[in-house]
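Quick note on labels: first sequence line is chain A, next is B, and so on, each numbered from 1. This is a predicted model, so every value here is computed, not measured.
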Number of protein chains: 2
Amino acid sequence: MNDHLKAFRNYLKEQGLKNTSQREEILAFLGRSSRHLSPEEIFRELRRRDPRLGRATVFRTLRLLGDCGLATRVTFPDGKQKFETRLGGHHHDHMLCVHCGRAIEFVSPAVEEAQKRLARRYGFKVLWHRHEIFGRCRRCETAGPSPRRS
Amino acid sequence: MNDHLKAFRNYLKEQGLKNTSQREEILAFLGRSSRHLSPEEIFRELRRRDPRLGRATVFRTLRLLGDCGLATRVTFPDGKQKFETRLGGHHHDHMLCVHCGRAIEFVSPAVEEAQKRLARRYGFKVLWHRHEIFGRCRRCETAGPSPRRS
DNA sequence: GTTTTTATTGAGATAAAGTCTCAATTAAGA
DNA sequence: TCTTAATTGAGACTTTATCTCAATAAAAAC
């Protein structure tokens, strides 16, 4: 049994919540995907396999996975929300290409460190963070006009 | 005439777009506010003054302001989107309290620097970025139970 | 293993957020 | 002032997300 499944079951037990096949399916599906998925994509794909799956369950489960730190919400340049698993607690952030939509993952100890110092200064207890850099990836930078922002 | 108004008019002219009273009202309203505002809040308040204002115009203008770098989108812990002006191009990021919703602004040269190095490594042309730290502010940290995430 | 308790689910209504169309309007250059 | 073209608002519509509640199923109690 893999790590985040174990962590998930633990979390549920701690909180007095129940595990269900739907929850595990959603977590597993997120885990298998290398892309970022929107709630709607998750819903549509998983309902093909289990036609009785409800849309509300997907939203509820994504929130739950967020709450226990197993999934991360990524806000794309156009404001759209997508999710990914935080595999084995391995944290990373994103550079998002405003032109082709590609997401490049990165890890920056320097950023994490700077953040820790900041938080201390403000008496702020950090739970998690999100660092999104918007711009143009190498491929798109070589050609093409103005991007879409905000 | 203040700086971002001037910048806005410049941008419109450059792009061959037209200025309108609605656009200036929205920009001014954002500029006067010390809080983060949702599109709906902006719409409701400005329509009290001009009952003919349309909702679509607010969304269109927010996108436009984002495009020209005068407004920034902030994604709150619950996934809700809000906006603020980027006053005089002065960039800052946020620590968001998952308990009381308070937003603390900060500037971190260390983060900006680390980011620049990263981008260079990936051949990524940075246009803007967003760094959101979620956690509990000093006030809320002293008391109260589990937060809402994702 | 069976019963009891209680969280979870799905359907569908509903709400909230955002986009689109198109005729009427208005800004800006000629 | 005239002309051109971008912008607007109304409202339909789409998408995204939440809520309600009876039925279901997981976990605990027995």
Less than 4.0 angstrom from a charged side-chain N to a carboxylate O is my criterion; do A/Glu24 and A/Arg9 meet it? yes
Using modelled atom types and a 3.5 Å cut-off, is there a donor and acceptor pairing between side-chain atoms of A/Thr61 and backbone atoms of A/Thr57? yes
B/Arg49, CZ atom: more than 12 neighbouring heavy atoms under 6.0 Å: yes
Whole-Å distance between C/dA27 P and B/Glu24 CD? 11 Å
Set out, in order, the CA-CA distance, both residues' side-chain angles and the distance that settles side chain to side chain donor-acceptor pair (under 3.5 Å) for B/His129 and A/Glu132, then state yes or no. CA-CA 6 Å; B/His129 78 121; A/Glu132 290 156 350; over 6 Å; no
Just how far, in rounded Å, is P of C/dA27 from CZ of B/Arg23? 12 Å
What is the first contacted nucleotide of DNA chain D and what is the last, in 5' to 3' order, if contact means an atom lying under 4.0 angstrom from a heavy atom of chain B? D/dA5 to D/dA10
Rounding to a whole Å, what distance do you find between B/Glu14:CD and C/dG29:P? 14 Å
For the student: nearest non-hydrogen atoms of A/Pro39 and A/Phe83, plus distance: CG-CE1, 3.8 Å
Specify the residues of residues 44-59 of chain A, ordered by number, for which at least one heavy atom lies under 4.0 angstrom from an atom of DNA chain C. A/Arg52, A/Leu53, A/Gly54, A/Thr57
Is there, by distance only and without an angle test, a donor paired with an acceptor across the side chain of A/Lys18 and the base of C/dT6 below 3.5 Å? yes
Run the numbers on B/Leu12 and B/Leu64 for side-chain contact (heavy atoms from CB on, under 4.5 Å), then give the verdict. CA-CA 9 Å; B/Leu12 292 175; B/Leu64 184 62; 3.9 Å; yes
Between B/Arg63 and C/dG18, is there a side-chain N or O to OP1/OP2 distance below 4.0 Å? no
Which part of the nucleic acid does A/Lys80 contact within heavy-atom distance under 4.0 Å: base, sugar-phosphate only, or nothing? sugar-phosphate
Assert: residue with more 5' nearest nucleotide on DNA chain C, out of A/Thr61 and B/Glu40, is A/Thr61
A/Lys116 bridged to A/Glu112 by N-O distance under 4.0 Å: no
Just checking B/Arg60: base, sugar-phosphate only, or nothing, at a heavy-atom cut-off of under 4.0 Å? base
CZ of B/Phe83 versus P of C/dA17: gap in Å, rounded? 12 Å
Within the 6.0 Å centroid threshold, strictly below: B/His94 and B/His36: yes
Axis-to-axis angle between the two ends of the helix from C/dG1-D/dC30 to C/dA30-D/dT1 (five base pairs per end, rounded to 10 degrees): 50°
Nearest-angstrom distance from the residue atom CG of A/Leu17 to P of C/dT9: 10 Å
If you compare all heavy atoms of B/Leu53 against all heavy atoms of B/Phe43, which two are closest, and at what distance to 0.1 Å? O-CE1, 3.5 Å
If you round to the nearest 0.5 Å, how far is CZ of A/Arg102 from CZ of A/Arg139? 4.5 Å
Option among A/Glu45, A/Glu41, A/Glu105 that satisfies the salt bridge (Lys or Arg N to Asp or Glu O under 4.0 Å) test with A/Arg35: A/Glu41
